[in-house]
Undergrad: 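Got a structure here, written out as structure tokens. Questions coming.
Numbers restart at 1 for each chain; the letters A, B, ... are given by sequence-line order, proteins then strands.
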Number of protein chains: 2
Amino acid sequence: MMADDHTEAEALEPEARPADPRAEAFQGVREARRNELAEDYVELIAELIHEHGEARPVDIATKMGVTAPTVAKTLGRLARDGLITRAKYRSVFLTEEGRALARECQQRHEIVLRFLLSLGLDPETAERDAEGIEHHVSERTLALFAAFADRS
Amino acid sequence: MMADDHTEAEALEPEARPADPRAEAFQGVREARRNELAEDYVELIAELIHEHGEARPVDIATKMGVTAPTVAKTLGRLARDGLITRAKYRSVFLTEEGRALARECQQRHEIVLRFLLSLGLDPETAERDAEGIEHHVSERTLALFAAFADRS
DNA sequence: GATGATTATTAGCCTTGTCTAACTTGTCGC
DNA sequence: GCGACAAGTTAGACAAGGCTAATAATCATC
């Protein structure tokens, strides 16, 4: 039955769980996944405000491809987390924190997108992939992407 | 209050919801997110079987950085979805479908990783980022990544 | 072959993210 | 200024993915 020996060795350090290098990577990914949706919303809200002067739930729902109640519930969480402010039956606005996050996301998105395009990818696919990839790119990788895109 | 005009125009097509290009991208991302965890598990299970001859829940839990009950529940879903087989208190095995998925994921992982390394990223960061990115890379992008890594 | 440690499972809770159905509010036209 | 329709909210369901605590099975070992 294999009987492999993972007995002693990792008994030290009051870390948050084992600390297998692999486990850390997965935990990082899970952490990133938790923030993805908030980032997508905040980014979209910033964009809507920029383009239309306000962000209405109905437009968020359309762009995100979800129903209005889903948007309402998510906005509740964003408000709770201090990323947006809103009044009942009114448009949504970003807090300073939300605005900062939006800026950061937009930059990341922009860099990833330019990078994919400079690799020779078609615009539609680049947009789709950037949307998924942007949340999982470390600062270091982002810097390499930016450099590559510029150099091309 | 803006009164912007999204009235007619998108009234046709009995599509699955509006079909804003943006919405499609987000729906694609959400779709990908739903499969990520299953892919991570299947990939890891294949790896454990390859290395140790079997995949035990305890090892899966350690590598994934989650608790045993979480693994048990997730394995239940994987079994339900036909990706693995298992008997109570026994190790886990992949079905043919699971094996195919694992192969596919491993290839993708491998390509993304090689790509990031060939960009000049350090191995640890490359591994972490690859773990997050691999699920969001289209076939087309993957081909470009592979070509780039080879050419380097 | 009984027993103690390790491993696996079950039960039960919580949050997130999605939906539909039903209700309330706002707005625009007349 | 009222009535219809669009937009927003609330209620409630459901699945996924995480956890802890408690229970059950396996196994190593003497």
Side-chain angles (χ1 to χ4, degrees), chain A residues 1-8 10-11 16-18 23 26-41 48 52 54-81 83-84 86-92, chain B residues 1-8 10-11 16-18 23 26-41 45 48 52 54-81 83-84 86-93:
Chain A
M1 258 302 170
M2 275 306 106
D4 60 331
D5 60 334
H6 37 80
T7 24
E8 74 275 57
E10 65 246 9
R17 213 175 295 270
F26 278 123
Q27 280 170 347
V29 174
R30 275 202 303 280
E31 171 67 19
R33 302 216 251 251
R34 260 206 310 284
N35 301 321
E36 282 179 273
L37 198 70
E39 293 181 2
D40 286 340
Y41 268 76
L48 287 170
H52 299 134
E54 62 172 359
R56 299 187 310 163
V58 66
D59 293 327
I60 298 173
T62 303
K63 296 277 186 194
M64 292 285 302
V66 297
T67 61
T70 297
V71 170
K73 205 179 269 192
T74 304
L75 291 180
R77 285 190 284 266
L78 296 183
R80 182 201 60 193
D81 297 345
L83 295 171
I84 64 169
R86 60 186 189 141
K88 261 194 170 186
Y89 296 99
R90 286 273 112 78
S91 291
V92 176
Chain B
M1 261 294 170
M2 274 306 105
D4 61 332
D5 59 333
H6 37 79
T7 22
E8 74 277 58
E10 64 246 11
R17 213 174 295 271
F26 279 123
Q27 281 169 344
V29 174
R30 275 203 302 279
E31 171 67 20
R33 301 215 250 253
R34 261 204 310 282
N35 302 321
E36 281 179 89
L37 198 70
E39 293 181 3
D40 286 341
Y41 269 75
I45 290 167
L48 287 171
H52 300 134
E54 63 174 357
R56 298 187 309 163
V58 67
D59 293 327
I60 298 173
T62 303
K63 296 279 186 192
M64 292 285 302
V66 296
T67 61
T70 297
V71 169
K73 206 181 270 192
T74 305
L75 292 180
R77 284 189 284 265
L78 296 183
R80 183 201 58 193
D81 297 345
L83 294 171
I84 65 170
R86 60 187 189 143
K88 262 195 171 186
Y89 294 97
R90 286 271 111 80
S91 291
V92 177
F93 296 95

Undergrad: Measure CZ/B:Arg34 against P/C:dT18 and give the value in whole Å, please.
TA: 9 Å
Undergrad: Quick one: does A:Glu54's side chain have a donor or acceptor within less than 3.5 Å of a partner on A:Ser91's backbone?
TA: no
Undergrad: What is the distance from atom CD of A:Gln27 to atom CE of B:Met64, rounded to the nearest 0.5 Å?
TA: 9.5 Å
Undergrad: Starting at atom CG of B:Asp81, determine the distance to atom P of D:dA16, rounded to an integer number of angstrom.
TA: 7 Å
Undergrad: May I ask you to say what B:Arg77 touches in the nucleic acid, namely base, sugar-phosphate or nothing, with a heavy-atom cut-off under 4.0 Å?
TA: base
Undergrad: In whole angstrom, what separates B:Tyr41's OH from D:dG17's P?
TA: 9 Å
Undergrad: In whole angstrom, give the distance that lies between atom CD of B:Glu31 and atom C1' of C:dT18.
TA: 13 Å
Undergrad: Under 4.0 Å between any heavy atoms, over every strand shown, what does B:Arg80 touch: base, sugar-phosphate, or nothing? Just pick one.
TA: sugar-phosphate
Undergrad: Name each donor-acceptor pair under 3.5 Å that joins a side chain in residues 74-81 of chain B to protein atoms two or more places apart or in another chain, with its distance.
TA:
{"from": "B:Thr74", "atom 1": "OG1", "to": "B:Thr70", "atom 2": "O", "distance (Å)": "2.9"}

Undergrad: Could you state the interatomic distance from CD1 (A:Ile84) to OH (A:Tyr41), rounded to the nearest 0.5 Å?
TA: 10.0 Å
Undergrad: Separation of B:Glu39 atom CD from D:dG17 atom P, in whole Å?
TA: 12 Å
Undergrad: Between B:Thr67 and D:dC19, is there a contact of a side-chain N or O with OP1 or OP2 at under 4.0 Å?
TA: yes
Undergrad: How many Å lie between CZ on A:Arg30 and P on C:dT15, as a whole number?
TA: 18 Å
Undergrad: Quick check: closest heavy atoms across A:Lys63 and B:Phe26, and the distance to 0.1 Å?
TA: O-CD1, 3.3 Å
Undergrad: Do the charged groups of B:Arg33 and B:Glu36 touch, with an N to O distance under 4.0 Å?
TA: no
Undergrad: Testing the basics here: between A:Thr62 and B:Ala23, what is the closest heavy-atom pair and its distance to 0.1 Å?
TA: O-CB, 3.3 Å
Undergrad: Each nucleotide N or O in nucleotides 2-5 of chain D that has a protein N or O under 3.5 Å away: list the pair and distance.
TA:
none

Undergrad: At under 4.0 Å, does any side-chain N or O of B:Thr70 touch on OP1 or OP2 of D:dG17?
TA: no
Undergrad: Grab the CG-P distance between B:Leu78 and D:dA16 for me, whole Å please.
TA: 11 Å
Undergrad: Nucleotide by nucleotide, 5' to 3', does protein get under 4.0 Å of the base (B), only the sugar-phosphate (S), or neither (-) in nucleotides 8-13 of chain C, counting heavy atoms?
TA: BBB-BB
Undergrad: In this structure, how many angstroms lie between the P atom of C:dT16 and the CG atom of A:Asp40, rounded?
TA: 16 Å
Undergrad: Identify the heavy atoms of B:Ile45 and B:Ala55 that sit nearest to each other, and give their distance.
TA: CG2-CB, 3.8 Å
Undergrad: Check this one for me: any side-chain N or O of A:Thr74 less than 4.0 Å away from OP1 or OP2 of C:dG17?
TA: no
